[in-house]
Amino acid sequence: MKKIALFIILSIFSVLSFAQKDEDDFSMRLRQKQQIDYESNLIEASHQVMLGNTNEAMNLYMKCLSINPKTTASMFGLAKIFVNNKDYDAASKLMAQAVALNPDNDWYSLFLLQLYKQSRKFSQAETICLKLINKNDNNLDYHYELVDIYNNTGKYSQAEKELKSIEKRWGNSYELSEERIKLALNRKNTDKAIKMLNQLIVEMPSEDRYFLVLIDIYKQTGKSDLAIQTTRKYLDLFGDDEMRIELFWMYYSKPDTANAIRELRNIISCKSIILDDKVTLLNKISNENKLPSISNFEDEFTSELLLQNPEDKNIILSRAKYLMKKDRQPEAKDLFYKLNKVDKSSGEVIENLLSIELTENNWKAVNEICKNSLPYYPANANLYFYAGVSALQLEKYDEAINNLLNGAPYATSMEMKGQIYQYIGESYYKLNDLTKCYYFFDKSISANSSDAVALNNYSYYLSLQKDSLGKALEMTKLSNRIKPNEPTFLDTFA
């Protein structure tokens, strides 16, 4: 009996041991699978980031975090995506978790520090920076980060103290001088900053950035002559032709017309300055009209640019707009048609062509422009309106009615809607359909009861037919009150 009992006990123990072993094996296999899933997702997330598929990468990083909520590598990768999306708060929260989980990773702490600075959370940034310095006091970059934080928070005395400490430990350097210039500028001590910059230029004349900072300070402090002098020296040393545009604006703002024109000629003739910059410059000068005397040379400049670049659309447009401004419409028209041939969808070109052809009462051209432009602007009421009016003038009455009816839903005001209905009425009158003529004139006056032309014409047509003369009389009286002494209106009243 004892042997049986012992056998049962041993059997139970054996079963439990095997069960425990199976459970351990299962747990181990599960952990191994999770680790494999985690690593594959992390690798693929990095791959998707490289391909620019940030949404897919975010999903993969989130899967990594669901497998292991404490994976700082996934937090770091996800935070970088948030930074690319300008979501600095979300990135900061993630990196704060990563730093808390892995405080020994200085790269994480530096990244968090930069995020705090980007979000202007300088108090948190200062805390991180001081911790980094406490861990590694010999890292010069950390000390400069602290100076920058002090500069951004108005702690100028502490910034100066830190700079003195840097000089004592690492000696003087150009980087140290640059930081002292920043500090001087923050303290509004521009004379000190200028003195230090001039010293750096003497010591390092090949460094263009010192010239650029000095020029900017001179401009901001109203020292235009010194800014011009330094810019000319910069051009002599570095030959940066783009800087000629900056020099032009200095002369222009002073104002120094003679030198501004000289620089403008240099810019126009300079092949290394890109064409778009030249066009932008000319357009801005033309729009501002600050120095009227410069506008006298606009013909020369736009003509020269067109000669250099006869097929460039921006140059042609700039020249055409100048010609319009000077009432040289025939020349402008040729250029606008040249542009329209290349690009029929340009709204600015269409608008100018319509303006020219309407001025010349060239109804055939107006009709063609509108028909060619409507496919690009199918909801433009003006195009339908002028397509209708021009068809009416060309005695294409059905076409006029069709265009005007199509344009009515897009009318931008009741006045415009009233005019559309009026010209539909005029078209029906030409077709001898008086019922529809009167119907649309009624709609026209209902939309805009103060349109003197619609009132007069409707009254005139009624009087010719000796129809509703009382109504016609009231309308002609009203049109003459709105616009007195108009011969045509007086004739209708008579």
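As the structure is a computational prediction, the values presented were derived from the model and not from experiment.
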Kindly confirm or rule out a cation-pi arrangement of Lys219 over Trp249, judged by NZ or CZ under 6.0 Å from the six-membered ring centre and within 45° of its axis?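 Negative - Lys219 is either too far from the ring of Trp249 or too far off its axis.
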[X] side, atom [atom1]; [Y] side, atom [atom2] - distance, nearest 0.5 Å:
X      : Y      : atom1 : atom2 : answer
Cys437 : Lys430 : SG    : NZ    : 10.5 Å
Leu94  : Phe111 : CG    : CZ    : 9.5 Å
Leu51  : Ser46  : CG    : OG    : 11.0 Å
Glu298 : Ser303 : CD    : OG    : 12.0 Å

Closest contact, heavy atoms only, Gly418 versus Ser444: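 Looks like O-OG, 2.7 Å.
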If I compare all heavy atoms of Ala98 with all of Thr72, which pair ends up nearest, and what's the gap? O-CG2, 3.7 Å
State, with a plain yes or no, whether a side-chain heavy atom of [X] is found less than 4.5 Å away from one of [Y].
X      : Y      : value
Asp256 : Ile228 : no
Met475 : Leu462 : yes
Val342 : Ile316 : no
Leu434 : Tyr428 : no
Leu235 : Leu247 : yes
Leu404 : Tyr384 : no
Ile194 : Tyr218 : yes
Ile285 : Leu264 : yes

For [X], I'd like to know if atom [atom1] has over 12 heavy atoms of other residues, nucleotides or ligands within 6.0 Å.
X      : atom1 : answer
Tyr377 : OH    : yes
Tyr234 : OH    : yes
Lys371 : NZ    : yes
Lys223 : NZ    : yes
Glu351 : CD    : no

Decide whether Glu304 and Gln308 meet the rule of one side-chain donor and one side-chain acceptor closer than 3.5 Å. yes
Any salt bridge between [X] and [Y], counting N to O under 4.0 Å?
X      : Y      : result
Glu474 : Lys471 : no
Asp241 : Lys271 : no
Glu357 : Lys364 : no

Where does the angle between the aromatic ring planes of Tyr461 and Tyr429 fall among parallel (under 30°), tilted (30 to 60°) and perpendicular (over 60°)? parallel
Is the Phe211 ring parallel, tilted or perpendicular to the Phe238 ring (thresholds 30°, 60°)?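 If you compare the ring of Phe211 with that of Phe238, the planes turn out perpendicular.
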Where do Leu405 and Phe440 land on the side-chain contact (heavy atoms from CB on, under 4.5 Å) test, with the steps shown first? CA-CA 11 Å; Leu405 284 172; Phe440 279 102; 4.1 Å; yes
So, the side chain of [X] versus the backbone of [Y]: is there a donor-acceptor pair under 3.5 Å, distance only?
X      : Y      : result
Asp216 : Leu212 : no
Asn340 : Phe336 : no
Thr359 : Ser355 : yes
Thr280 : Asp277 : no
Asn402 : Asp398 : no

Test side-chain hydrogen bond (donor to acceptor under 3.5 Å, both in side chains) applied to Asp225 and Gln229, step by step: CA-CA 6 Å; Asp225 288 335; Gln229 179 184 324; over 6 Å; no
Partner set under ring-ring contact (aromatic ring centres under 6.0 Å, His included) for Tyr397, not counting sequence neighbours: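 Applying ring-ring contact (aromatic ring centres under 6.0 Å, His included) to Tyr397 gives none.
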Can you spot which of Ile267, Leu281, Leu282 makes a side chain to side chain contact (heavy atoms under 4.5 Å, CB included) with Phe301?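 It is Leu282, the one option of Ile267, Leu281, Leu282 that forms the side chain to side chain contact (heavy atoms under 4.5 Å, CB included) with Phe301.
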For a side-chain hydrogen bond (donor to acceptor under 3.5 Å, both in side chains) check, start with the C-alpha distance between Glu178 and Tyr210, then their side-chain angles and the critical distance, and finish with the verdict. CA-CA 9 Å; Glu178 289 172 17; Tyr210 299 141; 2.6 Å; yes
Please report the C-alpha distance between Arg319 and Asp299 in whole Å, then the side-chain angles of each, then the deciding distance to 0.1 Å, and finally whether the salt bridge (Lys or Arg N to Asp or Glu O under 4.0 Å) criterion is met. CA-CA 8 Å; Arg319 176 67 177 169; Asp299 188 17; 2.5 Å; yes
Using side-chain contact (heavy atoms from CB on, under 4.5 Å), reason through Gln124 and Leu112 one step at a time and then give a plain yes or no. CA-CA 9 Å; Gln124 294 95 317; Leu112 180 58; over 6 Å; no
Evaluate Ile43 against His47 for side-chain contact (heavy atoms from CB on, under 4.5 Å), listing each step before the verdict. CA-CA 6 Å; Ile43 292 168; His47 179 61; 5.7 Å; no
